[in-house]
*Asks:* 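Attaching a single structure in structure tokens format; questions to follow.
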Protein chains: 2
Amino acid sequence: MSDKKMLIIEKASELFAKNGFGATSVQEITDACGISKGSFYLSFKSKESLLFSIFEYFSTKLIDRLGDILHMEATARNRFEQFFVIQFEEIARHSDFILMHMREQASPINEEMLGLLNKLRGKAYEAMENLLLDLYGESIQIHLPDLIVMLNGIIHGYVEIIVFNKKMLNYTDLANYIIERTDSIINGLTEPLLKKEQLLSTGGITFSITLEELVKDIEMIKQQIQDTEDEVFISLDVIGQELLNPNFRKPVISGMMSNLKNSELSEGVVRKLVRFLNQ
Amino acid sequence: MSDKKMLIIEKASELFAKNGFGATSVQEITDACGISKGSFYLSFKSKESLLFSIFEYFSTKLIDRLGDILHMEATARNRFEQFFVIQFEEIARHSDFILMHMREQASPINEEMLGLLNKLRGKAYEAMENLLLDLYGESIQIHLPDLIVMLNGIIHGYVEIIVFNKKMLNYTDLANYIIERTDSIINGLTEPLLKKEQLLSTGGITFSITLEELVKDIEMIKQQIQDTEDEVFISLDVIGQELLNPNFRKPVISGMMSNLKNSELSEGVVRKLVRFLNQ
DNA sequence: ATAATAACTGACTGGTCAGTCACGTGTCAA
DNA sequence: TTGACACGTGACTGACCAGTCAGTTATTAT
């Protein structure tokens, strides 16, 4: 990521957080960065793609840190503590932006954003699930959905305080306080309320990619290229052909996809392909 | 409130919730209502004032219902249960709208909106405080800020599920589930984490009790008693009279308050009095 | 030094939208 | 029937803004 891009992400996320996405003009962003408006469009395709980049940048960082916990050598309790601390740190750091834009559909949310959001939620869920099981044992399995909802809620409650009071809380103390409350809750558990399906469908944001959709996308890009000798065109063509085969060979597709690495035009379709193959 | 205004509020809040405030044009709203754009401006001064009206409408309704709980004749536990149920009902009903505008300041928030928001938060805080004290006793006083933050968080967590899964949860069951968890948490409490000031400064909200509010509350209880010979009635009457005196004599009030110790009806007002005198 | 290329600029374009206003239209009393 | 008044309309205006592009400046290669 170039310095310029980083600068824009930095300033823009501040402005978005302060005034909202719609209320912040590209001009304001470029003014804050001390660059021209035209220059902005050398770094980002559009205002919306900037939003995506910001979200990608922040959520990648959070996902990485959450992932690290799982491989950390420490007691279950310490890892659980770290889980909270990291969330408080990262969310507090970018809270305004993340809270504002990710929670609700206040900003243009497209498929890609949703994909990333789902990934983030999924990772957080997965991490919390693992940590709870490590710490309290398999017997709480059935209570996981409720516990996760409650703990996320509690985190959210304190994050609001952190956001408004700016750093007035010690994250480690807070993490331990919450863990102690979790101990109490788990001690008193009887019957669960939520079933796993209810939690997972939360957000109703499952965007499965259909084959038809992919093939259509590929055709559209091919039409834009026109040149049948073009490397990208040929690669897309091969992928399209292969996908139509009920038992398509993944290696063929991945191979061809490597030819699309540098094609801006195919960026979107490549991302969709990756998600499709992982489904 | 005229039918026209109501119609606009109805349709607009749907549209705002679906697409956001900025992304919804007045034209879209008037189209949805089947009226002309000019007609819109007969009912509302501006798009922003519509937003305020919507918010006022919903929050007034919620505040009224929360206020009703405090004067409800039922066990502390049942009133606490109702507190949750009402929040789930009202917030779920207007969740999209409320969530959108509370969480992110994506829309123009002016002083009036903030005032209303503070009033809403204050009422919810006050109600929760009263209900918690009624149910668990004065000993939890010191834990109130933490409890309120956690409970609000937990409510928030389940509201998200309700919003996305649309009515898939039984609110009474859910309320009782949360109360049971609260029991557990309270059982295990040791040292509090938050101090009252930290919570109160959240969002710059101050919950000062006004004299007018107190006098109104006292009048309401007097009306419920009716019997002008009743000890509680007389005590409240004296307190009310004393409060109207700019240099009211605290000893008179405290003395009269001791007569209210055993009056369940006056519990709330006594607590408010204590807080008022300590201000 | 010069050419070639990359990086950058900001005036401009096409489009959207909140809010206005001159012009109906329906109603009701005189 | 008339005229006064409330209610309603939608074309219009001015402001704003995302995105473009012809032109300028900085950098690097020769």
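In the text below, chain A, chain B and the rest are named by the order of the sequence lines, each starting its count at 1.
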*Asks:* Considering all heavy atoms of both residues, which atom of A/F248 and which atom of A/L243 are nearest to each other, and what is their separation?
*Replies:*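 Closest pair (atom of A/F248, atom of A/L243, distance): CD2-O, 3.9 Å.
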*Asks:* Treating primed atoms plus P, OP1 and OP2 as sugar-phosphate and everything else as base, which nucleotides of nucleotides 4-20 of chain C get B, S or - for protein heavy atoms under 4.0 Å?
*Replies:* ----BBB-------BBB
*Asks:* Answer yes or no: is there a donor N or O on one side and an acceptor on the other, between the side chain of A/K47 and the main chain of A/T24, under 3.5 Å?
*Replies:*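 The answer is yes, because a donor-acceptor pair under 3.5 Å joins these two groups.
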*Asks:* Between B/E28 (side chain only) and B/S25 (backbone N and O only), is there a donor and an acceptor less than 3.5 Å apart?
*Replies:*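 Answer holds: yes.
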*Asks:* Given atom CG of B/L7 and atom C1' of D/dG8, what is their separation to the nearest angstrom?
*Replies:*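 It works out to 14 Å between those atoms.
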*Asks:* Where do A/H71 and A/G67 come nearest, in terms of heavy atoms and distance?
*Replies:*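 Shortest heavy-atom contact: ND1-O, 3.2 Å.
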*Asks:* Which heavy atom in A/C33 sits nearest to a heavy atom in A/L7, and how many Å separate them?
*Replies:*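 Closest pair (atom of A/C33, atom of A/L7, distance): O-CD2, 3.7 Å.
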